[in-house]
Protein chains: 2
Amino acid sequence: MSEISRNGTGGGGQPGRIGIGLELDHIHLKILEVLRENGRISVAALAERVGISRANAYTRFEALRADGAIKRFTAEIDHVRAGLGITALIFVTVRQQMWKQFRAELARMPEVEYCAITTGQHDAMIQVRVADVAAVHSMVTERLAHIPAVKATETVFILDEVLKRPYVLPGDGDRPRTSRRPAPEPQGDVPLGKMRFVGAAEGRAALRKDT
Amino acid sequence: MSEISRNGTGGGGQPGRIGIGLELDHIHLKILEVLRENGRISVAALAERVGISRANAYTRFEALRADGAIKRFTAEIDHVRAGLGITALIFVTVRQQMWKQFRAELARMPEVEYCAITTGQHDAMIQVRVADVAAVHSMVTERLAHIPAVKATETVFILDEVLKRPYVLPGDGDRPRTSRRPAPEPQGDVPLGKMRFVGAAEGRAALRKDT
DNA sequence: GTTGAAATTAGTACGAA
DNA sequence: TTCGTACTAATTTCAAC
């Protein structure tokens with residue numbers, strides 16, 4: 001249920017094109033903008049805020065849902081109030097060709113909220129929410145360490161979540177998110193040496209799908 | 001609007017206690033469980049699925065909202081369909097006592113979906129969604145590098161998002177998420193040496209609040 | 001793509017268990 | 001507290017424009 005679609009993040013992003021489904025115009029984006037702020041708004045109220053008719057709003061709403069642009073509606077819950085006050089990130093190095101097993105084990109860990117495969121020093125990052133720090137420790141040493149696919153882990157704790165946007169959309173803040181090549185100031189006062197881009201570690205190119 | 005409440009993640013988690021507001025019983029949790037899967041469900045249908053009366057469902061629903069256990073309702077959007085096919089993590093080292101500035105600058109970057117302050121080698125992790133890899137580059141070198149508070153960055157790309165749960169709740173999978181100390185098998189076949197826990201780097205204890 | 005009216009459903013209030 | 005019912009208000013659907 002929580003297994004989400006492969007999003008092709010590693011492939012080449014085609015700037016202008018919007019997936020393969022319906023073309024999203026600026027009204028579609030505005031609908032998404034309203035909906036990510038208030039997922040329970042009525043379609044009638046949505047229509048008014050977007051500036052279109054009710055019927056049109058229903059049509060577009062359904063289209064966005066059917067197309068998959070809207071994946072689901074969800075409630076954001078306060079983890080602390082829910083009793084899960086500790087959040088940690090665990091960076092995992094996965095043994096080659098054991099990704100399938102790793103994924104399978106992940107699905108069996110309810111405390112994992114998010115898992116992404118990354119380039120860089122580690123292979124995956126998982127975010128867990130638990131009640132106390134001891135639970136993080138037991139999770140890493142008792143659960144993760146028992147997975148043969150896991151070669152090594154590195155755990156850091158989240159001290160504060162500064163920002164969390166429901167979902168980032170293109171055009172937020174009017175600024176086009178494509179690379180505006182202009183680059184007005186070539187690179188005067190920027191200590192570029194301090195900026196590291198970390199590519200895939202070993203030969204992890206073909207690993208995006210399970211092996 | 002996206003500035004979320006300090007969640008005290010770094011403090012000591014008190015296992016049994018549920019915040020300071022209302023006590024959440026198992027019915028409250030069940031409501032949250034349904035709501036995080038379908039944020040647009042009607043309260044009538046919610047009542048039925050949870051097994052309580054409509055009136056009761058309305059009362060509890062409002063209580064959860066008022067208490068803050070439910071922070072908001074939102075739509076999950078497919079970033080690829082929305083034209084933001086690239087996701088990256090940027091690990092940032094922040095100059096001491098410039099957190100306030102760093103936070104302020106973050107709020108002005110719409111491509112940032114998430115930012116957390118962490119222990120470990122870096123001070124913060126931010127997740128960005130953009131249209132193409134060039135946008136990541138320009139974001140890091142042109143925007144982040146210009147912030148005096150930013151000492152250094154390290155960028156990795158997300159190749160695939162394996163798992164994304166709307167929100168983790170206690171009791172998911174019946175397993176108590178508190179540390180069950182029993183530890184049946186002391187530590188036989190586990191290569192504990194491979195498991196690293198990374199604490200705060202310098203004297204970053206008091207940095208959870210802006211300085 | 002829009003408007004308006006009918007049918008359905010949601011939200012509220014209140015008394016009883 | 002929780003439930004059940006009746007009442008009111010709103011939303012969704014469907015038709016014609």
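It should be emphasised that the depicted structure is a prediction, and the values quoted were computed from it without experimental measurement. Letters A, B, ... are given to chains in the order of the sequence lines, protein chains preceding strands, and every chain is numbered from 1.
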Result of checking A:Thr153, A:Thr155, A:Leu144 against A:Ile126 for side-chain contact (heavy atoms from CB on, under 4.5 Å)
A:Leu144
With side-chain contact (heavy atoms from CB on, under 4.5 Å) as the test, pick out the partner of A:Arg81 among B:Leu32, B:Leu64, B:Asp67.
B:Asp67
Estimated bend of the helix from C:dG1-D:dC17 to C:dA17-D:dT1 (axis per five terminal pairs, rounded to 10 degrees):
30°
The contact string for nucleotides 7-17 of chain D, one letter per nucleotide 5' to 3', using protein heavy atoms under 4.0 Å with B, S and - for base, sugar-phosphate only and none, comes out as ----SBB----
According to salt bridge (charged side-chain N to carboxylate O under 4.0 Å, His left out), who are the partners of A:Arg40, at least two apart in sequence or on a separate chain?
none
Quick one: list whatever passes salt bridge (charged side-chain N to carboxylate O under 4.0 Å, His left out) with A:Glu113, sequence neighbours left out.
A:Arg129
Below 4.0 angstrom, which residues in residues 27-35 of chain A have at least one non-hydrogen atom near DNA chain C?
none
Who pairs with B:Glu33 by side chain to side chain donor-acceptor pair (under 3.5 Å), at least two apart in sequence or on another chain?
none
side-chain contact (heavy atoms from CB on, under 4.5 Å) partners of A:Ala45, counting only residues at least two apart
A:Ile41, A:Ser42
Residues in side-chain contact (heavy atoms from CB on, under 4.5 Å) with B:Ala57, at least two apart?
B:Val43, B:Ala47, B:Ile52
Any donor-acceptor N/O pair, A:Thr93 side chain to A:Asp123 backbone, under 3.5 Å:
no
Distance under 4.0 Å to a non-hydrogen atom of chain A counts as contact; along DNA chain C, which nucleotides mark the start and end?
C:dG1 to C:dG4
Filter on side-chain hydrogen bond (donor to acceptor under 3.5 Å, both in side chains), then keep only pairs touching residues 51-60 of chain B, sequence neighbours left out; what's left?
B:Asp25-B:Arg60, B:His28-B:Arg60, B:Asn56-B:Arg60
Can you tell me how far C1' of D:dT2 sits from CD1 of B:Ile52, to the nearest Å?
9 Å
With the threshold set at 4.0 Å, does a side-chain nitrogen-carboxylate oxygen contact exist between A:Asp78 and B:Arg72?
no
Taking the six-membered ring for Trp, are B:Phe73 and B:Phe61 parallel (under 30°), tilted (30 to 60°) or perpendicular (over 60°)?
parallel
Partners passing ring pair (Phe, Tyr, Trp, His ring centres under 6.0 Å) against B:Phe91 (at least two apart in sequence or in another chain)
A:Phe91, B:His122
